[in-house]
Number of protein chains: 2
Amino acid sequence: MMNYTTLLKEYDLKVTPQRVAIVEELYTNGHMNIDDLYKKLLAKFPSISLATIYKNVNAMIEKVFLNEVKIPNAKSVYELVKDEHSHLVCSSCGKIEDIELDVSSLVKQASTSKNYTINQTSIVFAGLCPACSK
Amino acid sequence: MMNYTTLLKEYDLKVTPQRVAIVEELYTNGHMNIDDLYKKLLAKFPSISLATIYKNVNAMIEKVFLNEVKIPNAKSVYELVKDEHSHLVCSSCGKIEDIELDVSSLVKQASTSKNYTINQTSIVFAGLCPACSK
DNA sequence: CTCTGTGCAAAGCGTTTGCAAACGA
DNA sequence: TCGTTTGCAAACGCTTTGCACAGAG
């Protein structure tokens, strides 16, 4: 069980029911795009505005509490910030999964060969999920 | 030396001066966003329209001649399609470099552990380029 | 009580579309 | 010549902004 109120406070964000709901949805669903979020929150707050979603998502990104994931051929999704991980996207049903991979040797390879100081790695695999593979 | 006219024909795209210029710019610069392209082409075609850039870029993507690269915290860039490779982005100067890495073990790891049929991998490293590292 | 967040409507911005004229094959 | 592309202007969709009111601390 997760305490979303405490979590918001830890990131210096005032607690409002709308914010709690956003965090709750993201915690439950893992990744959502703006529209998914809006539709979900509409059920709880019939008069919520898209502007509220945008303002809050942006505020949470600002506080490094949320993270935008850009996905080839799809809308960006947002997720709660956590340990570095990669993403698997099903090109058939759109499902997105996290996967933890050891990318250290890859990063080392890249930074060495091109002389870069790498501090972020974004990896997205596209393919078919188990269900859609059949 | 590259023959852009022949290249366009190979991809079933009618040859126009604007298209030749787009391919030429991308061939020369590697990666460009829409605005970069527009500004460059304006020099050669003072009355070119942004709509022309968009229509052509989209037509070329359709023919799998061009490829969109989505980059965290930056505009998408476009590149000529070629062998699979990853990208290094300098978060200070914005420079983008290609890098060829062996990602087969990573792909195998991901597909095995999550039971996905992976057919595309997008890897973007962010950091500081050699010049900006100093 | 004060400051921030919410919801609404309007504005903004990047991208797409429709159309007449120009152009490529 | 015929079908496609170009450039322009208008339309579109997503995101942001300004403002009055409501709510959090």
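Atoms considered below: every heavy atom in the structure, side chains included; atoms not considered: hydrogens, waters and symmetry mates. Here is how names work: the chains are called A, B, and so on, in the same order as the sequence lines, proteins then strands, and each is numbered from 1.
Surrounding CD of B:E10 are more than 12 heavy atoms belonging to other residues, nucleotides or ligands, all under 6.0 Å away. By the 6.0 Å contact criterion, NZ on A:K114 is enclosed, its count of non-hydrogen atoms from other residues, nucleotides or ligands being greater than 12. Residue-environment remark: NZ (A:K108) stays at or below the threshold of 12 foreign heavy atoms within 6.0 Å. Counting heavy atoms of neighbouring residues, nucleotides and ligands inside a 6.0 Å radius, atom NZ of B:K70 exceeds 12 of them.
Side-chain nitrogen and oxygen atoms of A:Q18 include none within less than 4.0 Å of the OP1 or OP2 phosphate oxygen of D:dG23.
Across C:dG5, D:dC8, C:dC8, the shortest atom-to-atom separation from the side chain of B:A51 is found for D:dC8. Nearest nucleotide to the A:R19 side chain, out of C:dG7, D:dG7, C:dG5: C:dG5. Comparing C:dT6, C:dC19, C:dT16 against the side chain of B:K55 picks out C:dC19 as the nearest. Checking D:dA24, C:dT6, D:dG7 against every side-chain atom of A:T52, the shortest atom distance belongs to C:dT6. Nearest nucleotide to the B:P17 side chain, out of D:dG25, D:dC8, C:dG24: C:dG24. If you check C:dG7, D:dT5, D:dT16 against the side chain of B:K14, the one that comes closest is D:dT5.
Using a 4.0 Å heavy-atom cutoff across all strands shown, A:T16 reaches sugar-phosphate atoms only and no base atom. Using a 4.0 Å heavy-atom criterion, one finds that A:P46 contacts no nucleic acid atom at all.
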- Task: Decide salt bridge (Lys or Arg N to Asp or Glu O under 4.0 Å) for B:K75 and B:D36; before the verdict, give the C-alpha distance in whole Å, the side-chain angles of both, and the deciding distance to 0.1 Å.
- Result: CA-CA 11 Å; B:K75 295 182 192 164; B:D36 293 340; over 6 Å; no

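Distance B:I22 CD1 to D:dG7 P: 10 Å, rounded to the nearest Å. Going from atom OH of B:Y38 over to atom C1' of C:dT16 covers 15 Å, rounded to whole Å. Atoms CG (B:L8) and P (C:dA25) sit 10 Å apart, rounded to a whole Å. As rounded to whole Å, 22 Å separates atom P of D:dT4 from atom OH of B:Y11. Per the geometry, CD1 belonging to B:I53 stands 15 Å off C1' belonging to C:dT16, to the nearest Å. Spacing between atom CG of B:D12 and atom P of D:dG3 amounts to 18 Å, rounded to whole angstrom units. Spacing between atom CG of A:L50 and atom C1' of C:dT6 amounts to 13 Å, rounded to whole angstrom units. Atom pair B:D36:CG and C:dG14:C1' shows a separation of 15 Å (rounding to whole Å applied).
Here CG of B:L101 is found 10.5 Å from CG of B:D98. Values are rounded to the nearest 0.5 Å.
Annotation: of the two residues near DNA chain C, B:I34 and B:L13, the 5′-most nearest-nucleotide partner is B:I34. For B:V15 and A:N56, each mapped to the nucleotide of DNA chain C holding its nearest heavy atom, the one lying further toward the 5' end belongs to A:N56.
Donor-acceptor pairing under 3.5 Å, judged by distance alone, is absent between the side chain of A:K9 and the base of D:dG25. Put simply, the side chain of B:K75 and the base of C:dG14 share no donor and acceptor less than 3.5 Å apart.
Of the charged side-chain nitrogens involved, at least one lies within less than 4.0 Å of a carboxylate oxygen, so that A:K44 and A:E24 count as a salt-bridged pair.
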- Message: Show me the dot-bracket string of DNA chain C, counting Watson-Crick or G-U pairs under 3.5 Å, with | for pairs to another strand and [ ] for crossing ones.
- Response: |||||||||||||||||||||||||

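Ring geometry, B:Y4 versus B:Y27: the interplanar angle exceeds 60°, so the pair is classed perpendicular (tilted spans 30 to 60°).
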